[in-house]
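Remarks on the structure that follows.
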Amino acid sequence: MTVRVRFAPSPTGSLHIGGARTALFNWLFTRQNNGAFVLRLEDTDLERHLIEAEKGITTSLRWLGLDWDEGPEVGGFFGPYRQSERINLYRNEAQRLLNSEMAYLCYCTPEELAAMRQEARQRGLAPRYNGKCRHLDQAARQKKEAGGFLPVIRLKTPREGSIIVSDLIRGEVSFENNNLDDFIIMKSNGIPTYNFACVVDDSLMQINYVIRAEEHLSNTPKQILLYQALGYNLPFFAHVPMILAPDRSKLSKRHGATAVEEFRLQGFLPEAIVNYLALLGWSPGDEREKMPLSDIIKLFSLNAVSKSAAIYDIKKLTWLNAQYLNSLPLERIIAEAIPFFQKLGLIPSQTEQIDHAYVAKVVETVRTRIHTLVELAEASTYFFRDDFNYEEKGVRKFFSSLNASEILAHGREALAKTEPFDILAVEAAYRNLSHTLEVAGSKLIHPTRLALTGKTFGPGLFDIMVTLGKTKCLERLERAINWIKNNLC
RNA sequence: GGCCCUAUCGUCUAGAGGCCCAGGACACCACCCUCUCAAGGUGGAGACACGGGUUCGAAUCCCGUUAGGGCUACCA
């Protein structure tokens with residue numbers, strides 16, 4: 001039997017990390033089993049389908065590398081893949097249930113229902129529908145309909161017994177039927193409710209593994225009742241734990257970045273996010289942390305998915321991101337970095353005008369000491385601009401001594417004579433200088449770094465020099481010498 | 001309120017009765033390396049929610065309490 005799984009988000013505009021992880025687990029499972037990954041948009045509650053909202057989700061999925069075999073944009077045998085385009089299917093299935101008397105029309109008004117709930121609550125019972133319209137006869141129905149009232153369709157649910165949900169992650173979970181009521185499957189506007197649409201689609205699309213967030217565990221008994229009423233085969237269920245915000249509450253916008261798109265904008269790489277998300281609620285069983293996707297696919301197992309909710313930790317994601325920034329091929333990082341450089345106005349927006357060789361050198365010298373692409377761009381500014389200021393702390397420590405400008409002048413002189421201007425020659429020049437001047441290397445290095453970059457920290461000085469090139473180095477040393485004369489002497 | 005799920009360092013987790021006075025990772029602290037900052041290396045601090053059982057033996061099994069989360073809509 002071919003494994004068929006689906007990810008069924010509501011197109012709300014962005015893919016948040018909880019959804020991304022659910023999608024990832026589905027994807028990993030199906031890639032491991034050579035199955036099919038179906039993307040379905042659950043857009044029944046939207047007045048009209050917002051194409052931008054759908055785009056937000058699909059671009060994020062694609063960016064993460066979670067490609068789908070069937071769904072919007074790619075089609076497939078079981079389409080359409082937007083619920084808004086499947087309304088007739090739901091109506092037909094609902095009609096089948098009506099015909100077989102497994103479902104019935106209900107004419108109760110919202111006010112009546114509210115009163116019912118109120119009463120049940122007061123008596124300490126589950127606020128359930130009391131089945132008032134369950135046995136209406138033809139005459140009663142006609143009378144209601146004559147008044148122009150649009151009915152909903154409810155499923156007749158058993159009053160006794162229980163439903164066992166057999167869950168691949170949680171084991172067997174039992175629910176008493178008497179806690180369930182005759183829930184609505186079709187709203188009065190002719191649109192299906194979530195549970196109904198979900199079951200109809202999962203069956204018609206032949207989904208055999210339903211891997212979704214834990215919040216749906218409590219819906220599952222209702223869905224099983226629906227599967228039974230419709231005569232469908234039951235899929236396997238796996239309810240993955242939720243991802244919570246640092247305060248253990250449900251993730252929301254007020255917790256900062258929660259959408260995949262925001263992480264992208266903050267300079268995280270898809271590899272890092274996927275790797276991090278895989279580790280959230282799943283573990284390979286050994287002590288591996290950073291793993292190539294191919295390993296994750298190979299090792300993933302629903303059995304090993306934890307049962308408890310996890311809090312996402314931006315610090316660990318950041319660490320992993322730095323690991324990837326350091327280990328991925330340089331070309332890849334350059335390509336990822338370019339948009340961030342452009343955003344800061346460090347390089348031209350027209351690709352043809354970019355000095356790729358220079359950008360490559362910059363990325364190479366800076367990338368080991370940053371955690372995100374945003375940091376990479378920010379830490380690279382002085383390679384592209386001459387108009388930086390000198391750090392105040394640095395000025396105090398390295399420019400204020402009596403011989404500071406003299407030292408810089410010596411450095412400038414030494415560099416001017418250095419040829420070729422490569423890492424070995426440049427370092428040798430400075431080491432020799434420190435020897436002849438009889439000062440520690442650091443006495444030369446720190447003021448020079450400040451002169452060249454305006455900063456007291458950063459890549460190795462000689463790397464900076466070589467990347468910057470001789471001309472720039474001499475210019476900037478000159479500038480610093482003059483600055484000291486004008487400002488400190 | 002009712003029903004359901006969950007409970008190991010601050011966080012993510014390993015652990016499926018003796019291998020655990022609990023291992024790893026991030027973060028934190030110290031030291032080493034070092035031209036700074038990172039990275040890297042070494043070391044440190046840091047957890048089995050609580051209470052009862054079961055067992056020769058429990059982080060692991062059972063029950064209860066507590067806490068967190070979910071569902072309880074003509075939302076998905």
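These values consider heavy atoms only, across backbone and side chains, with no hydrogens, waters or symmetry-generated copies. Numbered from 1 within each chain, the chains take letters A, B, ... in sequence-line order.
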With both distances under 3.5 angstrom, what nucleotide forms a Watson-Crick or G-U wobble pair with [N]?
N	result
rA49(B)	rU65(B)
rC19(B)	none
rC3(B)	rG70(B)

Hey, does the side chain of [X] come within less than 4.0 Å of [N]'s phosphate (OP1/OP2), counting only N and O?
X	N	answer
Lys187(A)	rA76(B)	yes
Arg431(A)	rC35(B)	yes
Gln223(A)	rA76(B)	no
Ser306(A)	rU13(B)	yes
Thr44(A)	rA76(B)	yes

Contact class for His216(A) vs. all strands (heavy atom < 4.0 Å): base, sugar-phosphate, or nothing?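 It contacts base atoms.
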For Leu461(A), which contact category applies under a 4.0 Å heavy-atom criterion: base, sugar-phosphate, or nothing?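 It contacts base atoms.
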Find which nucleotide of RNA chain B each of Thr109(A) and Glu214(A) is nearest to by heavy atoms, and output the residue with the more 5' nucleotide.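 Per heavy-atom nearest nucleotide, the more 5' residue is Glu214(A).
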For Asn189(A) and for Ser442(A), locate the closest nucleotide of RNA chain B by heavy-atom distance; then report the residue assigned to the nucleotide nearer the 5' terminus.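 Mapping each residue to its closest nucleotide by heavy atoms, the 5'-most match is Ser442(A).
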Quick check for you: among [options], whose closest atom lies nearest to any side-chain atom of [X]?
X	options	answer
Phe149(A)	rC74(B), rA76(B), rC26(B)	rC74(B)
Gln323(A)	rG24(B), rG40(B), rG70(B)	rG40(B)
Gln83(A)	rA76(B), rA7(B), rC74(B)	rA76(B)

Determine the Euclidean distance between corresponding C1' atoms of rU54(B) and rC63(B); express it in Å to zero decimal places.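 Between the two C1' atoms, the distance is 11 Å.
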Taking the six-membered ring for Trp, is the centroid-to-centroid distance between Tyr324(A) and Phe268(A) below 6.0 Å?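 No, they do not, as the ring centres are separated by 6.0 Å or more.
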Taking the six-membered ring for Trp and the single ring otherwise, decide whether the centroids of Phe263(A) and His16(A) are under 6.0 Å apart.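 No - the distance between ring centres of Phe263(A) and His16(A) does not fall below the 6.0 Å cut-off.
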Could you measure the distance from the CH2 atom of Trp282(A) to the CG atom of Leu24(A)? Nearest 0.5 Å is fine.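 Output value for this atom pair is 9.5 Å.
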Do Thr456(A) and Lys397(A) come close enough that some side-chain heavy atom pair is under 4.5 Å?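 Sidechains of Lys397(A) and Thr456(A): no contact.
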